[in-house]
Peer 1: 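One structure is given below, represented as structure tokens, and several questions about it will come after.
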Amino acid sequence: MTTHAPQAAQAVTLPTTLDEAVAALAATPAAVPVAGGTDLMAAVNSGQLRPAALVGLGRISEIRGWQYQDGHALLGAGLTHARMGRPDFAALIPALAAAARAAGPPHIRNAGTLGGNIASAAPTGDALPVLAALEATLIIAGAGGARREVPVSHLLAGMEMLRGGELIGYVRVPLLHAPQVFLKATGRTGPGRALASVALVLDPARRGVRCAVGAIAPMPLRPLEAEQWVSQLIDWDNDRALVPEALNAFGEYVAAACIPDPAPEPDGSVPPLPPAVLHLRRSVAALARRALGRALS
């Protein structure tokens, strides 16, 4: 998505359908797609990016809403954070709505989009741990009306990448009809960039807990062993009861899995974590403990 051209964009295309946008990218391989532009314009203004052409996605109405499909919600990639933060969306996917409301100040939430959050793949993207915990998948549009489906986690981990001329069209999210929580720690009061975040969802049908930790690594981390351990302790038949001690243990389990102890020295001793890393580990533990407590309350 970069070009060595020193000048600003020379052409702007404004398609009205997803297939038209894909065709525009195919016709101009150096073009850069832009939706809300919250990340793109920051790169342009700082001189890091000088796109030769732009393909604007703001007029594609088909990706700005959502629909129900076989027990899933099919979310358009053009959904803004502000739209996802509204009560009707929050009733559908509470954790994603909470992440959208925490995504930043109003002007960022009004412009930034779900697809942009995924495509930019910034470690601090608030939607990313929620999508990882929900095990969401992407529907990617390609040339000639082609569509392929890719797990969000695969794209974020670099296991599968967007090919030339492809665009994220939709995000498919399972509707679990169970408590979901998103929490994050920031360096200041109010909406801001996450230092650490935790998304946690309950899956009563499979009697499972799914958790993802964001902002502390290049991609969201899933502490799978901690998920399996605490899932076996929850009394799924009796108001999802869990002893308080297990909440604390779960938080520590998640934090240790995501921020492990340093490797032992040759003499067998284990060096302590640096103070900043230890503080981050404690923050993750607190977020995971609180998230599970709220989901079970």
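Just so we're clear, the structure is a prediction, and the values are computed from it rather than from any experiment. Throughout, numbering of the chain's residues begins at 1 and tracks the sequence.
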Peer 1: Could you walk me through whether Leu79 and Val171 satisfy the side-chain contact (heavy atoms from CB on, under 4.5 Å) test, starting with their C-alpha distance in whole Å, then the side-chain angles of each, then the deciding distance to 0.1 Å, before giving a yes or no?
Peer 2: CA-CA 10 Å; Leu79 276 170; Val171 182; over 6 Å; no
Peer 1: Main chain of Gly36, side chain of Thr113: is a donor-acceptor contact present, judged purely on distance under 3.5 Å?
Peer 2: no
Peer 1: About how many Å separate OG1 of Thr13 and CZ of Arg59, when rounded to the nearest 0.5 Å?
Peer 2: 11.0 Å
Peer 1: Test your reading of the model: is there a side-chain donor-acceptor pair from Thr28 to the backbone of Ala31, 3.5 Å cut-off?
Peer 2: no
Peer 1: Assess whether side-chain contact (heavy atoms from CB on, under 4.5 Å) is satisfied between Trp66 and Leu92, documenting all intermediate values.
Peer 2: CA-CA 11 Å; Trp66 71 82; Leu92 188 72; 3.6 Å; yes
Peer 1: Salt-bridged, Asp126 to Arg193, with N to O below 4.0 Å?
Peer 2: no
Peer 1: First locate atom CE of Met84, then atom CZ of Arg101, and finally report the distance between them rounded to the nearest 0.5 Å.
Peer 2: 11.0 Å
Peer 1: For atom CZ of Arg148, decide whether the heavy atoms of other residues, nucleotides or ligands shown that lie under 6.0 angstrom number more than 12.
Peer 2: yes
Peer 1: Would you kindly say whether Asp19 and Thr17 are connected by a side-chain donor-acceptor distance under 3.5 Å?
Peer 2: no
Peer 1: side-chain contact (heavy atoms from CB on, under 4.5 Å) for Leu114 and Tyr170? Distances and angles first, verdict last.
Peer 2: CA-CA 9 Å; Leu114 178 61; Tyr170 302 91; over 6 Å; no
Peer 1: Give a yes or no on whether a salt bridge exists between Arg207 and Glu227, defined as a side-chain N under 4.0 angstrom from a carboxylate O.
Peer 2: no
Peer 1: Could you check whether any side-chain heavy atom of Arg163 comes within less than 4.5 Å of a side-chain heavy atom of Ile140, counting everything from C-beta outward?
Peer 2: no
Peer 1: Ile60 and Leu74: same hydrophobic cluster, using ILVMFWY side-chain contacts below 4.5 Å?
Peer 2: yes
Peer 1: What I'd like to find out is whether the side chain of Asn110 reaches to under 4.5 Å of the side chain of Thr80, using heavy atoms alone.
Peer 2: no
Peer 1: Could you walk me through whether Val284 and Ile259 pass the side-chain contact (heavy atoms from CB on, under 4.5 Å) test, one step at a time?
Peer 2: CA-CA 9 Å; Val284 170; Ile259 307 176; 4.2 Å; yes
Peer 1: Using every non-hydrogen atom in the two residues, find where Pro220 and Ala132 come nearest and quote the distance to one decimal.
Peer 2: CB-CB, 4.0 Å
Peer 1: Would the distance check show the side chain of Lys184 and the main-chain N or O of Ala102 forming a donor-acceptor pair, the cut-off being under 3.5 Å?
Peer 2: yes
Peer 1: Can you measure from CG (Leu75) to CD (Gln67) and round to the nearest 0.5 angstrom?
Peer 2: 9.5 Å
Peer 1: In Å and rounded to the nearest 0.5 Å, what is the CG to SG distance from Leu200 to Cys211?
Peer 2: 5.0 Å
Peer 1: Is there a donor-acceptor pair under 3.5 Å between the side chain of Ser269 and the backbone N or O of Glu265?
Peer 2: no
Peer 1: Any heavy-atom pair between the side chains of Thr137 and Val152 that's under 4.5 Å?
Peer 2: no
Peer 1: Do the side chain of Trp236 and the main chain of Ala241 share a donor and acceptor less than 3.5 angstrom apart?
Peer 2: no
Peer 1: In terms of hydrophobic clustering (I, L, V, M, F, W, Y; side-chain heavy atoms under 4.5 Å; direct or indirect links), are Leu134 and Met219 co-clustered?
Peer 2: yes
Peer 1: Does Tyr68 reach the side chain of Leu175, with side-chain heavy atoms less than 4.5 Å apart?
Peer 2: yes
Peer 1: Taking 4.0 angstrom as the limit, do Arg172 and Glu149 come out as a salt bridge?
Peer 2: yes
Peer 1: Applying side chain to side chain donor-acceptor pair (under 3.5 Å) to Glu20 and Thr16, what does each step give before you reach the verdict?
Peer 2: CA-CA 7 Å; Glu20 286 179 4; Thr16 58; 3.2 Å; yes
Peer 1: For the residue pair Pro33 and Leu25, what are the closest heavy atoms and their distance?
Peer 2: CD-CD2, 4.1 Å
Peer 1: Could you check whether any side-chain heavy atom of Leu202 comes within less than 4.5 Å of a side-chain heavy atom of Leu176, counting everything from C-beta outward?
Peer 2: no
Peer 1: Are the aromatic rings of Phe250 and Trp229 close, with centres under 6.0 Å apart?
Peer 2: no
Peer 1: If hydrophobic clusters are built from ILVMFWY residues whose side chains come within less than 4.5 Å, do Phe182 and Leu287 share one?
Peer 2: no
Peer 1: Please check if Leu155 and Val213 belong to a single hydrophobic cluster, counting links between Ile, Leu, Val, Met, Phe, Trp and Tyr side chain heavy atoms closer than 4.5 Å.
Peer 2: no
Peer 1: Verify the cluster assignment for Val55 and Leu14: are they in a single hydrophobic cluster under the rule of side-chain heavy atoms below 4.5 Å apart?
Peer 2: no
Peer 1: So do Ile93 and Gln180 actually touch side chain to side chain, heavy atoms under 4.5 Å?
Peer 2: yes
Peer 1: Report yes if the side chains of Leu195 and Ser283 come closer than 4.5 Å at any heavy-atom pair, otherwise no.
Peer 2: no
Peer 1: Work out which heavy atom in Asn117 is nearest to a heavy atom in Gly125; give both atom names and the distance.
Peer 2: ND2-CA, 3.7 Å
Peer 1: What closest approach, in Å, do Leu273 and Pro260 show between heavy atoms, and which atom pair accounts for it?
Peer 2: CD2-O, 3.9 Å
Peer 1: Of all the heavy-atom pairs spanning Pro129 and Ser197, show the shortest one and how long it is.
Peer 2: CG-OG, 3.6 Å
Peer 1: Answer yes or no: are there more than 12 heavy-atom neighbours, outside Asp239 itself, under 6.0 Å from its atom CG?
Peer 2: no
Peer 1: Kindly give the heavy-atom pair with the smallest separation between Ala212 and Arg222, and that separation in Å.
Peer 2: CB-CD, 4.0 Å
Peer 1: Are any of the side-chain heavy atoms of Ile216 and Cys258 separated by less than 4.5 Å?
Peer 2: yes
Peer 1: Do other residues, nucleotides or ligands put more than 12 heavy atoms under 6.0 Å from Arg147 CZ?
Peer 2: yes
Peer 1: Kindly compute the distance separating CG (Leu242) from OG (Ser297), expressed to the nearest 0.5 Å.
Peer 2: 12.0 Å
Peer 1: Measuring from His81:NE2 to Arg86:CZ, what's the distance to the nearest 0.5 Å?
Peer 2: 14.0 Å
Peer 1: In terms of side-chain geometry, is the basic nitrogen of Asp203 or Arg210 positioned less than 4.0 Å from the acidic oxygen of its partner?
Peer 2: yes
Peer 1: Looking at Glu62, I want to see if its CD is surrounded by more than 12 non-hydrogen atoms of other residues, nucleotides or ligands under 6.0 Å.
Peer 2: yes
